[in-house]
Amino acid sequence: MGCDGVNGTYYQLYSDDRGVCRVYEMSITESEWKLWRKGEPFAQRFTATFEDGGDIIRGRWELAEDQESFHTDFDLIYRRVK
């Protein structure tokens with residue numbers, strides 16, 4: 001994750017062992033985290049909310065094969081372990 005300090009734009013770089021590499025734009029506030037990208041083979045977006053003082057992140061990944069009609073790919077929950 002990184003930031004362009006001049007305009008405050010955030011980015012996330014993704015890669016995995018399949019050889020998939022993607023660049024996501026990102027925004028984050030005290031209550032919400034978003035990631036998104038357009039491009040082949042499909043557009044993607046992620047939206048999450050922070051709960052319980054930030055100990056829980058509840059999110060959803062969506063995709064659109066046609067770049068416009070999004071549907072849920074999967075939901076997820078991150079929980080801080082204390």
Side-chain angles (χ1 to χ4, degrees):
M1 292 183 189
C3 176
D4 181 336
V6 173
N7 61 21
T9 306
Y10 293 90
Y11 296 93
Q12 177 190 13
L13 303 179
Y14 171 85
S15 63
D16 63 29
D17 59 359
R18 301 170 296 164
V20 174
C21 299
R22 297 184 178 134
V23 178
Y24 293 88
E25 293 183 68
M26 183 174 78
S27 67
I28 194 163
T29 67
E30 289 184 16
S31 61
E32 189 173 64
W33 175 23
K34 291 184 177 185
L35 299 161
W36 63 92
R37 66 174 285 279
K38 287 193 173 189
E40 296 301 325
F42 45 79
Q44 291 175 287
R45 66 186 182 196
F46 171 76
T47 303
T49 56
F50 300 110
E51 301 173 8
D52 195 22
D55 287 344
I56 297 173
I57 301 172
R58 187 178 309 272
R60 169 174 289 160
W61 276 101
E62 299 174 305
L63 61 89
E65 285 96 354
D66 65 359
Q67 306 294 320
E68 295 179 18
S69 304
F70 283 90
H71 66 273
T72 300
D73 190 14
F74 61 92
D75 294 316
L76 58 83
I77 299 172
Y78 294 112
R79 286 189 175 88
R80 184 186 319 258
V81 177
K82 296 181 181 185

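Positions are given from 1, in the same order as the sequence printed here. The shown structure was predicted, so the numbers you read here are calculated from the model rather than taken from an experiment.
In the hydrophobic clustering of ILVMFWY residues, with side-chain heavy atoms under 4.5 Å counting as a link, W33 and Y11 come out apart. Linking ILVMFWY side-chain heavy atoms closer than 4.5 Å, directly or via other members, places L76 and F70 in two distinct hydrophobic clusters. No chain of hydrophobic side-chain contacts below 4.5 Å, direct or via other Ile, Leu, Val, Met, Phe, Trp or Tyr residues, connects V23 to L63.
For the pair D73/F42, no side-chain contact is recorded, criterion being any heavy-atom separation below 4.5 Å from C-beta on. No side-chain heavy atom of Q44 sits under 4.5 Å from any side-chain heavy atom of E62. Proximity of T47 to E32: side-chain heavy atoms (C-beta onward) are separated by under 4.5 Å at one or more points. Side-chain contact between F50 and I56 is absent, with no heavy atoms from C-beta onward closer than 4.5 Å. Inter-residue side-chain proximity for W36 and Y24 is flagged as unmet; no heavy-atom pair is nearer than 4.5 Å. Counting only heavy atoms from C-beta outward, the side chains of E51 and R58 approach each other to under 4.5 Å. Side-chain contact between H71 and E65 is present, with heavy atoms from C-beta onward closer than 4.5 Å. Counting heavy atoms from C-beta on, the side chains of T72 and R60 come closer than 4.5 Å.
Under the 30°/60° scheme for interplanar angles, the aromatic rings of W61 and F74 are found to be tilted.
Within the model, atoms CD1 of I57 and CZ of R80 stand 8.0 Å from one another, a figure rounded to the nearest 0.5 Å. Atoms CG and CZ, from D55 and R79 in turn, are 11.0 Å apart once rounded to the nearest 0.5 Å. Separation of atoms CG (D16) and SG (C21) is listed at 7.5 Å; rounding is to 0.5 Å. To the nearest 0.5 Å, the span separating OG on S15 from CZ on R22 amounts to 11.0 Å.
Distance alone, capped at 3.5 Å, is enough to place a donor-acceptor pair between the D4 side chain and the V6 backbone.
Other residues, nucleotides and ligands contribute over 12 non-hydrogen atoms within 6.0 Å of the CZ atom of F46.
Nearest approach of Q67 to A43, heavy atoms of both residues: OE1-CB, 3.4 Å.
Under the side chain to side chain contact (heavy atoms under 4.5 Å, CB included) rule, L35 has a single partner from M1, M26, R45, which is M26.
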